[in-house]
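Everything below concerns the one structure shown next.
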Amino acid sequence: MLNRHAREFFSRLFTPFARVLLKLGVSPDAVTLAGTAGVSLAALILFPLGQLFWGVVAITLFVFSDVVDGIMARLADRKGRWGSFLDSTFDRVQDNAIFLGLALWFYGGGHSPETGSLAVVCILLGNLVSYARAKAESLGYTANVGIAERAERLVSVLVVAGLCGLGLPTPFLFWTFVVLAVASVVTVIQRILAVRGQAREESSPS
């Protein structure tokens, strides 16, 4: 949902920057790797130290690499399956690092193991959401539906984490994880039903 509405705006915003990188000889894959490394290091170093606000700032700067590498691939006419595979794989690395960094904080200095456990649950459910779509597409179906796609999950948790870093009570993150967990379960169900509907149409006599 958020992906569809925001992608056109950010594509226009970052296209000049993407052109400069291509002229400098930087490849889309290099941007993907750099962005993943930046997000992961920021999440796994700053979040466990309790630096939630600055962790979010650093992650936000690097997470836009996911937009830039796609623009570069289109401009360079390198829209192949390899780039799509690499991008999708490292998206999972980034997502897991963000939630894991928050879980480590709550298990340690955040003194809220129940919130940390919910962050781990969100990791598992987020991976399940992504797997449902990937498996569907590998079988020739489409499953790009759901109320909690990647952009929604990341924006919600990063906004609340950043605000907690500025003084918002941390129980707000607990309830954010609760909402994300429920929304992820709903999204998995929506994707299962979408594929089930397509499979039925496929097997029904014409």
Side-chain donor or acceptor of R153 paired with backbone N/O of A148 under 3.5 Å: yes
Nearest heavy atoms of I147 and E152, plus distance in Å: O-CG, 4.1 Å
Non-hydrogen atoms of F47 and L52 that approach each other most closely: CE2-O, 3.5 Å
Check: L125 and V129 side chains under 4.5 Å, non-hydrogen atoms: no
CD on Q94 to CG on D66, rounded to 0.5 Å: 6.5 Å
Working for side-chain contact (heavy atoms from CB on, under 4.5 Å), residues K135 and L139: CA-CA 6 Å; K135 184 61 177 179; L139 296 172; 4.2 Å; yes
Mutual orientation of the aromatic rings belonging to F177 and F99 [parallel < 30°, tilted 30-60°, perpendicular > 60°]: tilted
A76: side chain to side chain contact (heavy atoms under 4.5 Å, CB included) partners, not counting sequence neighbours: L22, R78
Exercise: identify the closest heavy-atom pair between F172 and T176: O-OG1, 2.7 Å
S130 OG to D95 CG distance, which is reported to the nearest 0.5 Å: 6.5 Å
Pair S117-Y107, side-chain donor/acceptor within less than 3.5 Å: yes
Between OH on residue Y141 and CZ on residue R196, distance to nearest 0.5 Å: 12.5 Å
Spacing of L41 atom CG and L46 atom CG [to the nearest 0.5 Å]: 9.5 Å
Shortest non-hydrogen contact from C164 toward P169: SG-O, 3.7 Å
Minimum-distance pair of heavy atoms, taken over all atoms of A97 and L44: O-CD2, 3.7 Å
Step-by-step side-chain contact (heavy atoms from CB on, under 4.5 Å) determination, S11 to R74: CA-CA 11 Å; S11 292; R74 289 192 294 274; 3.7 Å; yes
I71 CD1 to R12 CZ distance, which is reported to the nearest 0.5 Å: 11.0 Å
Straight-line distance of D87 CG to D69 CG, nearest 0.5 Å: 4.5 Å
Cluster check V188, L154: I/L/V/M/F/W/Y, side chain < 4.5 angstrom: no
Heavy-atom closest contact (T187 atom, V145 atom, distance): CG2-O, 3.8 Å
